[in-house]
Amino acid sequence: MKLNELLKNIKPLQIVGDADVEVKGIHIDSRQIADGFLFVAMKGTQVDGHRFIGKAIELGAKSVLCEDMPEQVDGVTYVQVESTEDAVGKVATLFYGDPSSKLKLVGVTGTNGKTTIATLLFNMFRKLGFKCGLLSTVCNYIEDEAIPASHTTPDAIELNKLLARMVEKGCQYAFMECSSHAIHQKRIGGLKFAGGIFTNLTRDHMDYHKTVENYRNAKKAFFDGLPKSAFAITNADDKNGMVMVQNTKATVKTYSSRTMADFRAKLLECHFEGMYLEIDGREVGVQFIGKFNVSNLLAVYGTAVMLGQKPEDVLLVLSTLKSVSGRLEPIHSPEGYTAVVDYAHTPDALENVLRAIHEVLGGKGQVITVCGAGGNRDKGKRPLMAQEAVKQSDRVIITSDNPRFEEPQEIINDMLAGLDKQKLKKVISIVDRREAIRTACMMAQKGDVILIAGKGHEDYQEIKGVKHHFDDHEVVKEIFAQ
């Protein structure tokens with residue numbers, strides 16, 4: 001495709017060189033550039049891509065999209081724009097043939113529940129007989145083909161490439177998580193959404209957004225950008241639910257388990273094997289637990305109905321769906337206690353998971369929580385995580401999560417700083433995560449529940465820039481076998 005065709009949806013400040021040059025590929029990573037590629041110089045949070053323009057040209061780039069013009073501009077075509085972050089999605093969309101307009105793309109945003117909702121929609125629509133794609137934290141899928149995910153939402157070029165492959169494979173629907181980083185960094189710029197879902201909003205990513213208001217506004221920008229032809233489904237039980245959709249052009253629908261809404265549910269019964277719900281006046285058994293999952297399932301139900309599916313067909317499939325890997329996943333021990341592996345890594349998520357466990361226990365049995373906090377991330381939530389764990393647990397073991405480039409003991413100390421002397425009586429700290437889980441298993445008795453929180457589906461621990469294999473499920477099963 002010619003460069004000038006790719007520039008139709010953006011307004012360059014200037015073009016230096018031949019705009020009729022052929023573009024054979026696009027990339028923001030200079031190491032991935034090949035002959036005839038367009039290199040996009042992005043000013044990232046860690047590294048400025050403008051530093052690698054020379055390297056990209058050495059590897060064969062014939063054109064460069066940038067914000068700052070270099071002193072020498074010989075041999076290749078330069079397109080200067082005000083913001084490459086804003087332009088890259090629009091350019092990538094055209095290069096890959098505007099794939100999001102050729103299928104029904106639904107985005108899910110919020111603090112918790114994104115992975116569950118997007119994955120359940122993907123599984124549901126496949127069971128309803130449609131070809132589908134999924135873009136999620138756990139893994140990206142094009143029908144049965146799994147493509148490992150490195151970010152919750154890929155960059156704009158990778159996104160359009162994946163969507164184009166979905167179209168090529170005949171997918172009619174695609175469901176994707178839209179993280180606040182991706183929305184703020186315009187990674188979803190240029191995509192055409194058929195619908196959007198808001199789950200909830202609690203404290204997260206303060207290391208990036210700095211304030212809760214900035215974080216909320218990043219999420220809200222997704223709904224502000226939805227077209228009139230789209231729908232926006234929002235959680236009426238969350239105080240930010242209606243804020244999200246106050247400026248959207250999309251058709252607004254609400255879901256709730258507590259108040260009047262377009263899609264409503266009531267929890268009738270709850271066990272470790274699942275729940276009985278009433279959704280829009282019909283009873284249905286589901287293989288999930290926890291009131292927060294009632295919200296997730298309602299969002300899935302409402303979205304499917306808005307996409308034209310019959311309510312009775314949706315409920316039938318809903319009853320067959322299983323939980324996403326690492327989300328409230330129970331593993332039963334031979335001794336009669338249960339370990340629950342969950343991804344909960346925010347105070348709110350931890351509160352929801354512990355509440356779900358208590359709903360099932362009904363006062364019988366104790367709760368032992370094993371949790372930590374990630375390194376090089378929002379430090380402010382560390383004491384809050386410890387407070388939430390202590391509030392709803394009989395014993396708490398604070399341990400290492402993904403320390404990244406921080407010292408694990410320092411992260412643990414930050415968590416312990418949120419507890420007074422009385423609360424500290426419930427707590428021990430063990431840096432080694434395997435030993436922490438083993439200790440929890442030694443403490444547990446018949447009828448108790450151990451919550452192992454923070455990593456869920458992840459099968460690694462990131463320490464000093466290296467990912468070491470570590471899977472909470474595997475560790476629990478090994479301990480049970482011994």
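For clarity, every value in this text was computed on a predicted model and none was experimentally measured.
Residues H27 and D29 have side chains that never bring a donor and an acceptor to within less than 3.5 angstrom of each other. A donor atom on one side chain and an acceptor atom on the other are found under 3.5 Å apart for T254 and D262. N402 and E458 share a donor-acceptor pair across their side chains, judged by distance under 3.5 Å alone. Q392 and H358 share no donor-acceptor pair across their side chains, judged by distance under 3.5 Å alone. With no hydrogens or angles considered, no side-chain donor-acceptor pair links N112 and N352 at under 3.5 Å. For E177 and T115, the side-chain atoms include at least one donor-acceptor pair closer than 3.5 Å.
In plain terms, the two heavy atoms of C371 and A389 that are nearest each other are SG-CB, 4.0 Å. Pairing each heavy atom of A436 with each of I430, the nearest pair is N-CG2, 3.9 Å. Contact record, A299 with I117: CB-CD1, 3.7 Å, taken as the closest heavy-atom pair. A pairwise comparison of heavy atoms in S400 and I412 identifies N-CD1, 4.4 Å as the closest pair. Annotation for V360 and C270: closest pair CG2-SG, 3.7 Å, computed over non-hydrogen atoms. The nearest pair of heavy atoms linking D224 to K249 is O-NZ, 4.0 Å.
In Y460, the OH atom is crowded: over 12 heavy atoms of neighbouring residues, nucleotides or ligands sit closer than 6.0 Å. More than 12 heavy atoms of other residues, nucleotides or ligands lie within 6.0 Å of NZ in K426, so this atom counts as buried by the packing criterion. Remark: Y141 OH is loosely packed, at most 12 non-hydrogen atoms of other residues, nucleotides or ligands lying under 6.0 Å away.
Applying the side-chain hydrogen bond (donor to acceptor under 3.5 Å, both in side chains) definition to pairs two or more places apart or across chains, those involving residues 300-318 are D280-Y301.
With hydrogens and angles ignored, the 3.5 Å screen pairs a side-chain donor or acceptor of S100 with a backbone N or O of K192. In this structure, the side chain of T119 does not engage the main chain of T116 through any donor-acceptor pair within 3.5 Å. The main-chain N or O of T202 is found under 3.5 Å from a side-chain atom of T111 such that the two form a donor-acceptor pair. The backbone N or O of F405 lies less than 3.5 Å from a partner atom in the side chain of N376, making a donor-acceptor pair. Without hydrogens or angle criteria, N240 side chain to R216 main chain gives no donor-acceptor distance under 3.5 Å. Side chain of K381 to backbone of H345: a donor-acceptor contact under 3.5 angstrom is found. A donor-acceptor contact shorter than 3.5 Å links the side chain of Q287 to the backbone of S319. Between the S136 side chain and the N140 main chain, no donor and acceptor come within less than 3.5 Å of each other. Distance alone, capped at 3.5 Å, is enough to place a donor-acceptor pair between the K114 side chain and the G110 backbone. The backbone N or O of A349 lies less than 3.5 Å from a partner atom in the side chain of T346, making a donor-acceptor pair.
At least one side-chain heavy atom of R126 sits under 4.5 Å from a side-chain heavy atom of E143. Between Y255 and F198, the closest side-chain pair of non-hydrogen atoms is not below 4.5 Å. Looking at heavy atoms from C-beta onward, V427 lies in side-chain contact with L416 at the 4.5 angstrom threshold. No side-chain heavy atom of P311 sits less than 4.5 Å from a side-chain heavy atom of V314. When side chains are defined from C-beta on, H468 counts as touching I463, because their heavy atoms get closer than 4.5 Å. Contact of the L191 side chain with the L163 side chain is registered, since non-hydrogen atoms from C-beta on lie closer than 4.5 Å. Side chains of L350 and L451 form a contact here, defined as non-hydrogen atoms less than 4.5 Å apart. Side chains of V449 and I368 form no contact here, defined as non-hydrogen atoms less than 4.5 Å apart.
Within the model, atoms CD of Q246 and OG1 of T248 stand 10.5 Å from one another, a figure rounded to the nearest 0.5 Å. Separating the NZ atom in K253 from the CD1 atom in I197 is a distance of 14.5 Å, to the nearest 0.5 Å.
Partners of K102 by side-chain contact (heavy atoms from CB on, under 4.5 Å), not counting sequence neighbours, listed by chain and number: V167.
Of the charged side-chain nitrogens involved, none lies within less than 4.0 Å of a carboxylate oxygen, so that D459 and K467 do not count as a salt-bridged pair. In this structure, D432 does not pair ionically with R438, as no charged nitrogen and carboxylate oxygen lie closer than 4.0 Å. Using a cutoff of 4.0 Å between basic side-chain nitrogens and carboxylate oxygens, K322 and E273 are not scored as salt-bridged. Under a 4.0 Å N-O distance rule, the pair E351/R355 qualifies as a salt bridge. Salt bridge annotation for E474-K477: absent, with no cationic side-chain nitrogen under 4.0 angstrom from a carboxylate oxygen. Salt-bridge formation is not detected for the pair E158/R187: no Lys NZ or Arg NE/NH1/NH2 atom is positioned less than 4.0 Å from an Asp or Glu carboxylate oxygen.
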F130 and Y173: CA distance, side-chain angles, deciding distance, ring-ring contact (aromatic ring centres under 6.0 Å, His included) verdict: CA-CA 7 Å; F130 299 100; Y173 294 90; 5.1 Å; yes

Before you tell me yes or no, could you show the steps for R395 and I428 under side-chain contact (heavy atoms from CB on, under 4.5 Å), namely the whole-Å CA-CA distance, both residues' side-chain angles and the distance that decides it to 0.1 Å? CA-CA 8 Å; R395 296 299 304 272; I428 60 171; 4.0 Å; yes

Go through the steps to decide whether L120 and N296 satisfy the test side-chain contact (heavy atoms from CB on, under 4.5 Å), and finish with yes or no. CA-CA 9 Å; L120 293 183; N296 291 337; 5.5 Å; no

Let me see the working for S256 and D237 under side-chain hydrogen bond (donor to acceptor under 3.5 Å, both in side chains), right down to the final yes or no. CA-CA 6 Å; S256 171; D237 294 336; 2.6 Å; yes

Run T369 and I397 through side-chain contact (heavy atoms from CB on, under 4.5 Å) and show every step you take. CA-CA 6 Å; T369 296; I397 303 174; over 6 Å; no

In sequence, state the C-alpha distance, the side-chain angles, and the governing distance for K391 and E388, and then conclude on salt bridge (Lys or Arg N to Asp or Glu O under 4.0 Å). CA-CA 5 Å; K391 195 189 297 179; E388 206 53 67; 3.6 Å; yes

Test side-chain contact (heavy atoms from CB on, under 4.5 Å) on R404 and R377 and set out the steps. CA-CA 9 Å; R404 299 186 177 91; R377 295 293 188 269; 3.4 Å; yes

Begin with the C-alpha distance, continue with both residues' side-chain angles, and end with the deciding distance and a verdict on salt bridge (Lys or Arg N to Asp or Glu O under 4.0 Å) for E278 and R264. CA-CA 8 Å; E278 185 184 281; R264 293 196 64 197; over 6 Å; no

Please walk me through it: do E407 and K464 pass salt bridge (Lys or Arg N to Asp or Glu O under 4.0 Å)? CA-CA 9 Å; E407 289 303 320; K464 304 293 183 191; 2.9 Å; yes

Applying ring-ring contact (aromatic ring centres under 6.0 Å, His included), run through F223 and F193 and close with a yes or a no. CA-CA 10 Å; F223 296 96; F193 286 90; 9.7 Å; no

Less than 3.5 Å apart, which donor and acceptor atoms pair up between the side chains of residues 440-448 and the rest of the protein, not counting sequence neighbours?
unit_1, atom_1, unit_2, atom_2, d
D448, OD1, Q366, N, 2.8
D448, OD2, Q445, N, 2.9

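Both tests do not hold together for K104 against F125: distance to the six-membered ring centre under 6.0 Å, angle to the ring axis within 45°.
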